[in-house]
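Chain naming here is simple, since letters A, B, ... match the order of the sequence lines and numbering starts at 1 in each.
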Amino acid sequence: MMKFFDNLPPMDHLRSEKMSFVQLIIPVESAHRSITYLGELGMLQFKDLNDDKSPFQRTFVNQVKRCGEMARKLRFFSDQISKACITSAGRPAMQPDISLEELEVRLAEHEAELLEMNMNNEKLRQASNELLEFKLVLLKAGSFLVSSQNHAVPAERELDENIYSKERDRESLSLLDQETPPEMLNKAGLRFISGIICKSKALRFERMLFRTTRGNMFFNQAPAGEHVMDPVSGEMVEKIIFVVFFSGEQAKTKILKICEAFGANCYPVPEDTSKQRQMTREVSSRLSELEATLDAGIRHRNNALASIGSQLWKWTIMVRKEKAVYDTLNRLNFDVTKKCLVGEGWCPVFAKPQIQDALQRATIDSNSQVGIIFHVMNAIESPPTYFRTNRFTHAFQEIIDAYGVARYQEANPAVYSVITFPFLFAVMFGDWGHGICLLLGSFFLIVREKKFGSQKLGSFMEMAFGGRYVLLLMALFSIYCGLIYNEFFSVPFRIFGESAYKCRDTTCSDARTAGLVKYRDPYAFGVDPRWRGSRSELPFLNSLKMKMSILLGVSQMNLGIILSYFDAKFHGSSLDIRYQFIPQMIFLNSLFGYLSLLILIKWCTGSQADLYHVMIYMFLDPTGDLGENRLFWGQKPLQILLLLLAIVAVPWMLFPKPFILRKLNTERFQGRTYGILGTSEMDLDHEPDSARQRHDDFNFSEVFVHQMIHSIEFVLGAVSNTASYLRLWALSLAHSELSTVFYEKILLLAWGYDNPIIRIAGLTVFAFATAFILLMMETLSAFLHALRLHWVEFMSKFYHGDGYKFRPFSFASLADEEY
Amino acid sequence: MYGFEALTFNIHGGYLEAIVRGHRSGLLTVADYNNLCQCETLDDIKMHLSATEYGPYLQNEPSPLHTTTIVEKSTLKLVDEYKHMLCQATEPLSTFLEYITYGHMIDNVVLIVTGTLHERDVQELLEKCHPLGMFDSIATLAVAQNMRELYRLVLVDTPLAPYFSECITSEDLDDMNIEIMRNTLYKAYLEDFYKFCQKLGGATAEIMSDLLAFEADRRAVNITINSIGTELTRDDRRRLYSNFGLLYPYGHEELAVCEDIDQVRAVMEKYPPYQSIFAKMSYGESQMLDKAFYEEEVKRLCLAFEQQFHFAVFFAYMRLREQEIRNLMWISECVAQNQRSRIHDSVVYMF
């Protein structure tokens, strides 16, 4: 048996890549180039040797700063380009590569040029804005003045006459003054200020004016009609033109101050209409001139931006790469002579030749006298976990990693998940109609893989796209399980021949409850279509699915425990095999393995025995008479034996391991104190892995409690996990019942009417219910339950998941990074 | 609400409390300050800050950096966070958040009024104002000639209006008047805030009354020290103290008659919580008092985070961030002026 396992081919995917801890000694002159090559290769994870130093105390901080500065300039350009709404013409024709220094100079030139253009444009824009505002004010305020004069003249004259009539009583001397034309009076007492202000501020502005002048003013306003650009935000805002009439010098200063405070621009408007017209003409002509200049400036700027834009992407990538290289160089240490950089890191064993090759190329390309030294070192900490995945297995590995990254060289459940995960999903989602829908969806994602892969997707699409191969397998298995369940949108089909049953007489076609006789061989594949709609449909399917769930669960849990055996064997820990794996196997199989056996026997023999009864009385009354529940010869002694085995297995997995560990520890301790140094080191290597704890102080109570928790968890877990697999039955039941309801209560009901509108409505409701509830929500819930069965029930048997991921220094991930 | 905050607090305040606690964890730590103190240039500071929450705010600044830019950007971050919280807040938290800014509003009013008195340019003054204390018609303050106009024209629209009831005089504005106005306003503000918090009840009232009492006492001490040797009468001085806090009322009586710093010290040492602050200073010295008070304040503010389901965390967070900005300003100034030996003088560490 053991031989058989030993002779199995090596399972590469089960274990993470072998890693080695390597040291690089790189001469300064070839450092940059070699790190660049390593970044292109992407197979080495550098360890930060300057952890204690803050970022600006590191060696290459100036280069990092320069890259940061260049990145800032590039961000500035892309910002300007997007503001100017220029769409760059994709990836341009490649121009000759330029060095970083040249790039820096070029970027600085471009920035200065752009800034100057911006400033000029800004000035022009401001001038033109002012002119535009002036023009608007002239137009609107002029019309105010004209109309107000027309209206005001009679009213004012009346007022004046009143005043003068009173005055006349006091001093009737200056009769001549009565002839004073109202315009003159206007000029002497009433003044006005006209200007333009943001609409949002107008109300507060008016209130403030009212308060300051104590109401002695007249505020007239009109919407500007045109939108004017706000100089601060650069947005188009709605403005209002106002004319304030007031009297007095002091009020004028106050009003001007308020105008300033509210950001209202005041423009002088001559009262004379002919002058107004003249000014309007002047302003308009100047405005059109300015607009022309401005347009020319913008065109020039857009051209400049477009030429930058064509290079922008390439430059950005280049700067990012450089920055990544210098960041990595900052992780290296200078050796004592200051001529070499020392780097440490992890790399997979298989990549060593590639790395050496890259380093050699770097040495040659940089004309270095001294080669780069690359050698393996011993590491204290545990290596990172690295699984080589392809686009198919990647999603499955992600599912496992979401629970926890595997410990280094630990058995990888993702290998089995590739099949078991979609299969358990399909057990819950068994309907080949829905399966075909899923299949079409996943085909759609896979066919357009190239297109979707290169673009940004929404969060939901992103998720679906990431798991497209999971979706594909889930769909295939749903079709398979749906065929077994014989469900197609809850309609039974007769694909594999005729039903094995037929009616005894003509009445049973209405009753469909009894009176069926079996008249031919069993239905070839899956559930006989006759079951559908019969009264015993539910009890039959429930019994089938429940038993099937238990069988699937027990086999998957057994697989988990067997994996723990392979793990223990791989790490050479016979202690774990003897005192953990064996009792666990015995415990699980003597109870639930036996149950599975009973189920199989019952299926094969067609016995009527009550399995609940058998299992319960196996504990309550092991010696009692089985009666009609006897399934096979020698059942009672076997049950007693299994029960005893299960009882023995519990202390077996609880007690021996901690005590043996303590014994080993004391032995090692003695060996260290009195033995010869060399032999004690040898001992260390020969000891089983679990005993080789890194922290030397062995705490017995801790280990014991730990073991106790594990044992209790396993014993209780065996019961609860088996029960947990019943969710397979429950969800599958829920799914088929839901689809039956939709089919019968919506589609068939609507079809019963002879009205096309009701039929179409029924069809629509059915389609939406199927798409959203059955296809989306049920998929999600079945997915989550399958996930739980893997994470909790399966992986808890063997998986530690406390490792950390291998994150090599690589340029590949830079392109889609955003910052 | 009293005693049952846990039952209902999260209905409206849960999200924002989570937000503010998240912001709190973004405050610079002692390790960050140690690194910042080792910086040689302002670019180093920028580089270090780019690894913190300030990163996005500083990353687009061109390289010759100024202290003002750093302070401006860090204040901008605080303002953004504050505005975000204010938008999400419902009553009474939104009022509570607004209360936090009134202090800045008072300072801004005083700044503008003093500035116009000395005939500074309004735009220039506006740039110096704290963005949290801005209100719409702030620029119009320049129009006012005396307190009455100030109130009637501008402040009547602002939340500060009720606080003005005590200082409406027709006197022309001068430096002394303005300073008295500031303190009167502050007094009224603190008392109002205190009352508001008491009305809220529960843990908010409990913690906020402690924090505000400390604030009031600190102001009382500062008023006393600053008014020694001026023409402010004892009664006037007494009138500027807020009517709550640990010193109220007996401490205030004693502070009102103090003639020099040592007398202040003698008064304060009767109060155990303040004894430790004054114990750190030698006699006759008042330079380090500010820092000692700031340190004590930061300690108290940090403690506010130990309890859940109350509004004081928002106050504490805003104050801590402001302290952090002061620290950053000090560090950048020291670095910019090559005074790195003095860097530790004024930095108050938190957490």
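Interface summary for chain B: among A/K65, A/R207, A/E111, A/K257, the most heavy-atom pairs under 4.5 angstrom belong to A/K65. Contacts with chain B were tallied for A/K201, A/K254, A/M208, A/K73; A/M208 has the most, counting heavy-atom pairs under 4.5 Å.
Contacts between B/S50 and chain A at a heavy-atom distance below 4.5 Å are absent for every atom of the residue. Contact annotation for B/Q38: both backbone and side-chain heavy atoms come within less than 4.5 Å of a heavy atom of chain A.
The closest donor-acceptor contact from the side chain of B/R340 to the backbone of B/C39 lies under 3.5 Å.
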Report the C-alpha separation of A/H110 and A/W315 in whole Å, then their side-chain angles, then the decisive distance to 0.1 Å, and conclude whether the side-chain contact (heavy atoms from CB on, under 4.5 Å) test is met.
-> CA-CA 13 Å; A/H110 281 305; A/W315 288 346; 3.9 Å; yes
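Annotation: A/Y804, atom OH; neighbour count of heavy atoms from other residues, nucleotides and ligands within 6.0 Å is above 12.
In terms of heavy-atom proximity, B/Y15 sits nearest to B/Q88 at CE2-OE1, 3.7 Å.
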